[in-house]
Amino acid sequence: MAAADELAFHEFEEATNLLVETPDAATTSRSDQLTSPGHVAVAVGSGDSYGAEDDEEEGDKTALLQEEKPQPGFWTFSYYQRFFDVDTTQVLDRIKGSLLPRPSHNFVQHHLRNRPDLYGPFWICATLAFILAVTGNLTLVLAQRRDPSIRYSPQFHKVTVAGITIYCYAWLVPLALWGFLRWRQGVRERVGPYSFLETVCVYGYSLFVFIPMVVLWLIPVPWLQWLFGALALALSTAGLVLTLWPVVREDTRLVAAALLSTVVLLHALLAMGCKFYFFQPLPPQQVAPPAQVTSLTLHTQLPPTLAWSVATP
């Protein structure tokens, strides 16, 4: 035992002498190796060795960053590709969330989850515009069958009107709403708006309930059409109000009430505009009465010689 202690002491003394001779040396403990606790490994070298390792790590990071592809510009298709990277399950879940709004489930937090998409809103708007134009024409065809006095001709311009109306509403209204909330955030710091894409996504999915409503408007019963319209409008506006309420509730009551009232009013105007424009039957064709043929009595005076010959038997 004494020999072992003496050997360990000598090794430690040699290590001390090495540290004195090379003050830039670094010591490392090799506790995980099969050595006695008294042994100390001494790495003799210049102090620039650790700096070289750091430089190598920084060089590796720089190489990795250079290998990454740069972000594409917003004017390219690659930039918008990530907004269409959704599967069918996610789209159906978001449609279900828009059809069944619940106060305890915020649409942005529980369905979008910081991943807004443009796939669902784009195709919902396209489908709604197409169905509006088709059902508007079918309404006139059915009306003509019930009343032959109605003259029908295909109205292809309704496709253009429907597309412009729906897409402008689904983009311009969210843009105005997002801009207003951003302005209110500067006035009141507690007001935190959603992003522009999240706002567009909320509005796009809120229009899905109008698709079955438009199809049911083919039923030629006015009070039933208004009932379906009121039900669809209530579901759609409820989803918008419940989604926007956590954002606007931190603002003043007047601003919050005015903003939510404007959202509901614009949604109602969209539904009523579609009802009156696309589903208004044509007036009966004015049939002109038949022309009355009047008999004209011709009073022709015969010559005297012809009249005498006629009178003589």
Scanning both residues in full, the closest heavy-atom pair of S98 with F107 reads N-CE1, 3.9 Å
field: Donor-acceptor under 3.5 Å (R249 side chain, A256 main chain)
entry: no
Inset, instruction - Indicate, with yes or no, if V159 and I166 share a hydrophobic cluster defined by side-chain heavy-atom contacts under 4.5 Å among Ile, Leu, Val, Met, Phe, Trp and Tyr. - result: no
Please lay out, stage by stage, how L99 and Y205 fare under the test side chain to side chain contact (heavy atoms under 4.5 Å, CB included). CA-CA 9 Å; L99 291 175; Y205 280 102; over 6 Å; no
Report whether L112 and W178 are members of the same hydrophobic cluster (ILVMFWY, side-chain heavy atoms less than 4.5 Å apart, transitive linking). yes
Looking only at heavy atoms, the pair that brings R146 and P220 closest together is NH1-CB, 3.6 Å
Take the angle between the ring planes of F196 and W171 and call it parallel below 30°, perpendicular above 60°, tilted in between.
tilted
Could you walk me through whether L181 and V248 pass the side chain to side chain contact (heavy atoms under 4.5 Å, CB included) test, one step at a time? CA-CA 8 Å; L181 292 177; V248 302; 4.0 Å; yes
d(R102 CZ, H110 NE2) to nearest 0.5 Å is 8.0 Å
query: When the ring planes of Y203 and H267 are compared, do they come out parallel, tilted or perpendicular, using 30° and 60° as the limits?
result: perpendicular
What one should report as the nearest heavy-atom pair of A232 and M213 is CB-SD, 3.6 Å
Rounded to the nearest 0.5 Å, the SG atom of C201 sits from the NE2 atom of H111 at a distance of 11.0 Å
TODO: Determine whether L269 and I164 fall in the same hydrophobic cluster, where Ile, Leu, Val, Met, Phe, Trp and Tyr are linked whenever their side-chain heavy atoms lie under 4.5 Å apart.
DONE: no
On a heavy-atom basis, the closest approach of P212 and F208 is CD-O, 3.3 Å
Indicate, with yes or no, if L259 and L254 share a hydrophobic cluster defined by side-chain heavy-atom contacts under 4.5 Å among Ile, Leu, Val, Met, Phe, Trp and Tyr.
-> no
Tracing side-chain contacts under 4.5 Å among Ile, Leu, Val, Met, Phe, Trp and Tyr outward from M272 reaches W226, F276
In V264, V202, L266, the residue satisfying side chain to side chain contact (heavy atoms under 4.5 Å, CB included) with L240 is V202
Check against side chain to side chain contact (heavy atoms under 4.5 Å, CB included), F278 and N137:
CA-CA 8 Å; F278 294 96; N137 281 270; over 6 Å; no
| query | Using 30° and 60° as the class limits, which term best fits the ring planes of W217 and F279: parallel, tilted or perpendicular? | reply | perpendicular
Practice problem: Could you check F180 against V255 for side chain to side chain contact (heavy atoms under 4.5 Å, CB included), going step by step and ending with a plain yes or no? | Solution: CA-CA 11 Å; F180 179 80; V255 174; 3.9 Å; yes
Are L235 and L92 connected, step by step, through hydrophobic side chains (Ile, Leu, Val, Met, Phe, Trp, Tyr) whose heavy atoms are closer than 4.5 Å? no
Value for CG (L270) from OH (Y169), rounded to nearest 0.5 Å, stands at 5.5 Å
Correct closest heavy-atom pair for L242 and P103 would be CD1-N, 3.9 Å
Kindly list each side-chain donor-acceptor pair under 3.5 angstrom involving residues 119-136, sequence neighbours excluded, with atom names and distances?
| residue | atom | partner | partner atom | Å |
| --- | --- | --- | --- | --- |
| T127 | OG1 | W123 | O | 2.7 |
| T135 | OG1 | I131 | O | 2.5 |
| T135 | OG1 | L132 | O | 3.3 |

One should read off an interatomic distance between T237 OG1 and L260 CG, to the nearest 0.5 angstrom, of 10.5 Å
Sidechain-backbone polar pair: E198 side chain, V108 backbone, donor-acceptor under 3.5 Å
no
(Q) Regarding R94 and D117, does a basic nitrogen lie under 4.0 Å from an acidic carboxylate oxygen? (A) yes
Besides L231, the hydrophobic cluster formed by Ile, Leu, Val, Met, Phe, Trp and Tyr side chains linked at under 4.5 Å, directly or via other members, contains none
In this structure, NE2 of H105 is separated from CG of L100 (nearest 0.5 Å) by 11.5 Å
Nearest heavy-atom contact between L218 and T139 is CD2-OG1, 3.8 Å
One should read off an interatomic distance between Q155 CD and T160 OG1, to the nearest 0.5 angstrom, of 12.5 Å
